[in-house]
Structure formats: C-alpha cells, structure tokens
Asks: 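Below you'll find the structure I mean.
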Amino acid sequence: MNDLATKTKEAFIESFQCKPDALYFAPGRVNLIGEHTDYNGGFVLPCAIDRGTYLAIKSRDDSRMSVIAHDIDSEKSEWDGRSPITPDIEHPWANYLRGVHNELTKLGHDNIRGMDVVASGNVPQGAGLSSSASFSVAFASALSGTNQLNLSATEIALLCQAAENNFAGCNCGIMDQLISAAGKEGHAVLIDCNDLSLRHVPMPSDLEVLIIDSKVKRGLVGSEYNTRRIQCEEAAQVMGIKSLRDATPELLKLFTAKLNPTTLRRATHIVTENTRTELAAEALRTSNAEQLSQLMKASHISMRDDFEITVPAVDLIVKIVDEIIGDRGGVRMTGGGFGGCVIALVPPQYIGAIKSKLNTDYTAQTGLTAEFHICKASRGAGLLEKFS
Ligand code: GLA
C-alpha cells in the first residue's frame with residue numbers, strides 16, 4: 001500500500017473505531033487528444049493517471065451510507081437508500097456519490113447494502129484532471145464489489161455519467177468516467193464514444209507525461225461547457241445528422257451558408273479533432289513524436305480559434321513549451337477548458353528547461369505559478385486490498 005492508501009485506512013479506523021473491510025481506488029485522467037468530441041459520438045485518447053481517490057469501506061447491515069471526506073475537513077454526508085435520495089446542499093461533494101446510488105436504485109437495485117466510507121485523494125481539484133469522476137467511479141466500484149453486482153467498467157462509467165448529469169448539473173460526456181473505470185497501466189485508451197469500444201495504445205517509453213497546471217481559476221466551466229454542447233447539437237440538427245460524428249469536411253462545406261459562423265466553427269473543431277485523434281493513436285503506437293507534435297499543435301489551435309475554450313495564460317504555456325520541445329514531443333491544453341491544465345508528452349531531458357522557463361516567463365507575464373505533475377499511465381478502478 002502506498003502512503004495515501006495507508007492514510008485512508010488509518011483515517012477510517014480513527015473515524016469509525018473499527019477496521020475497514022476493503023480499500024478501493026479509482027484514478028483521475030489526462031486526455032492526450034480528442035477534446036469535446038465525446039458527447040458528439042467521436043474519438044478521445046485519454047490515459048488514467050497515477051493519482052486518484054482512495055476509499056476505505058466497511059459494509060453495514062442496514063441501508064445507510066455514511067461517507068467522510070477526509071480532505072475536506074472530514075465533512076460527513078449521510079443518507080439512506082430506503083428513502084428517496086436527494087442532493088446534499090451543504091456538502092456538494094457528496095452529490096457525486098448520492099447521484100450514483102440514486103442511479104443504481106433507478107436501475108432496480110433497491111436493496112443496496114449501506115457502507116461506512118472514508119475517502120481521500122490526490123488528484124488536484126478543479127484542475128481538469130477529473131477528480132470528481134475518480135470519486136464517483138471509486139464509489140460505484142465499491143458498491144458493485146460489496147453488493148456482488150459485477151458491473152463492467154462501461155456500466156460503472158455510464159452510471160457515474162448519469163449521476164453527474166442528473167445530480168451535479170454538468171452535461172458531461174463519458175470520457176472521464178470510462179477511462180477512470182477502464183484505464184490500463186502503461187497505455188492510453190482510444191475510445192470510440194459512438195459505441196464505447198476501447199483500444200489500448202501503448203505509451204511510448206521515451207516520452208514522459210508532463211501535466212502543467214496553469215492555476216487559472218476555471219470560472220465559466222459549467223455554463224460554457226453546456227453551451228458548447230448545445231451548439232454542437234444544433235449544428236448536427238441543421239445538417240440532418242444524428243451527431244457530429246457523422247459530419248465530414250465535405251458536409252460542412254455544403255452547409256457553410258446554413259450554419260451561423262459560430263456554430264460552423266464549433267462543428268469544424270469536432271470534425272477535424274476526430275480525424276486528429278485517430279491519427280494520434282497511431283502516432284502514439286508507433287512512437288512517432290514528430291506526427292504527435294503536429295497533431296497536438298493543430299488540436300490546440302482548433303480549441304483556441306474554432307471551439308474557443310482556451311484562455312491566454314494556457315496559450316502562453318503551450319507556446320513556451322512548444323518553443324523548447326519543437327517536434328520532439330507534443331503539447332496542448334487538455335480537458336474541458338477555460339483554464340486548467342496543459343499536457344506535454346516530452347523527452348525527459350527537456351523537463352528541467354520547461355520548468356525553469358515557465359517559472360520565470362509564465363510567472364512574469366501572468367503573475368501565476370504553474371504547477372507540474374509527472375504522471376504515469378495507470379490502471380483503472382477496482383479493489384486494491386481486502387482486509388481480513
Ligand atoms: C470534461 C467532460 C468530458 C469531456 C471533456 C472535454 O472533462 O467531463 O466528458 O467532454 O470535458 O473533452
């Protein structure tokens with residue numbers, strides 16, 4: 001067990017005065033390429049990271065849930081599966097879990113055993129690395145394990161996505177929950193969000209996954225995210241297709257006059273990003289740094305100019321890193337946008353130069369101090385340890 005797993009177990013013993021039955025884990029994620037394509041039935045290429053949420057749990061003889069968030073001043077949220085499950089206004093973090101429990105009930109699982117839970121995690125919160133997906137996926141895995149539901153990774157992801165849509169108010173796609181549930185050590189996963197099929201793609205051994213947190217506070221995330229989704233749906237509707245997955249550059253050309261300029265740009269991003277994502281999976285598999293570099297650069301420009309989800313500070317990080325690594329690696333914004341993180345796939349020998357240049361130039365120009373995380377592509381959610 002690593003330090004955080006041990007700490008979570010100890011916090012459980014201190015809080016509930018008994019040993020937990022088991023420890024569950026679900027990772028956060030970083031997306032290499034394929035942004036906002038998931039809810040358009042497109043392709044994404046994320047990997048699970050070696051940061052996540054740990055849950056120490058003990059099942060109970062009744063249907064009560066008692067969950068302590070160790071990292072949030074040990075706040076506690078309690079509810080009972082036999083009564084209607086409602087959002088917890090005082091503890092918004094608990095709604096990710098309440099939502100999962102509620103969705104399970106909706107599916108007919110109305111006899112879920114209660115659990116005492118202590119949660120602790122090390123995914124930076126609000127940075128766009130899916131700390132909330134890792135929280136809900138860890139809880140869904142624990143519920144599946146303790147109730148012998150044998151839910152597949154895809155079932156867990158769908159459950160958690162529905163919880164986030166219905167209980168947390170964000171119309172997110174499936175990427176974050178699915179990669180958290182289905183990640184594989186040393187691999188990225190090419191997900192076809194049309195049929196949820198997965199293809200594991202080995203990460204090149206000569207490139208590090210460097211995540212750079214811009215530390216820009218992500219203000220408009222929820223509302224802007226939902227607006228982008230509506231604009232994409234509108235574009236598909238105008239072109240008479242089910243989703244933008246079915247759009248092609250030729251179709252966009254045909255409808256140029258019928259789509260308003262903003263909607264056209266949003267659709268252009270999705271169509272071009274899908275192509276880039278499939279090509280990037282191949283470039284990753286063949287360790288083709290030069291092609292990865294070009295694809296990630298084009299993806300960033302498309303997010304900046306067509307989808308308009310980057311902010312100047314994030315653009316600056318991408319520019320500074322790109323000037324250092326050239327075509328020896330790739331760099332782009334990652335995640336939902338409006339702040340958050342940049343992902344760079346870089347040869348290890350450049351990491352020192354990147355850090356020092358950002359510590360001087362980025363800080364001088366923005367007044368912000370970037371934070372660095374070197375991550376490994378990791379396994380998906382599941383049981384870590386059972387205690388006798
Ligand atoms: C957020 C959402 C995902 C996905 C990304 C953008 O992380 O939760 O479903 O849409 O933004 O690619």
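In listed order, ligands and their atoms are each counted from 1. Quick caveat, the model's predicted, so the values are computed rather than measured.
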Asks: Between Tyr96 and Phe135 (judged by ring centroids, cut-off 6.0 Å), do the two rings come close enough to count as a pair?
Replies: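 No; Phe135 has its ring centre 6.0 Å or more from that of Tyr96.
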Asks: Is it the case that the ring center of Phe12 lies less than 6.0 angstrom away from the ring center of Phe387?
Replies: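 Between Phe387 and Phe12, the centre distance exceeds or equals 6.0 Å.
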Asks: Can a side-chain donor-acceptor contact be found between Thr310 and Asp315 if the only test is distance below 3.5 angstrom?
Replies: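 Yes.
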Asks: At less than 4.0 angstrom from any atom of ligand 1, which residues have a non-hydrogen atom? List them by chain and residue number.
Replies: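 Answer by chain and number: Arg29, Glu35, His36, Asp38, Tyr39, Cys172, Gly173, Met175, Asp176, Tyr225, Gly336.
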Asks: When Arg245 is tested against each of Asp192, Asn40, Thr37, Val271 for side-chain contact (heavy atoms from CB on, under 4.5 Å), which residue passes?
Replies: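 Only one option passes, and that is Asp192.
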Asks: Can you say whether the rings of Tyr39 and Tyr225 are parallel (under 30°), tilted (30 to 60°) or perpendicular (over 60°)?
Replies: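 It falls in the perpendicular class, over 60°.
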Asks: As a quick check of understanding, evaluate salt bridge (charged side-chain N to carboxylate O under 4.0 Å, His left out) for Lys58 and Asp21, giving each step before the final call.
Replies: CA-CA 5 Å; Lys58 186 174 179 60; Asp21 295 338; 3.4 Å; yes
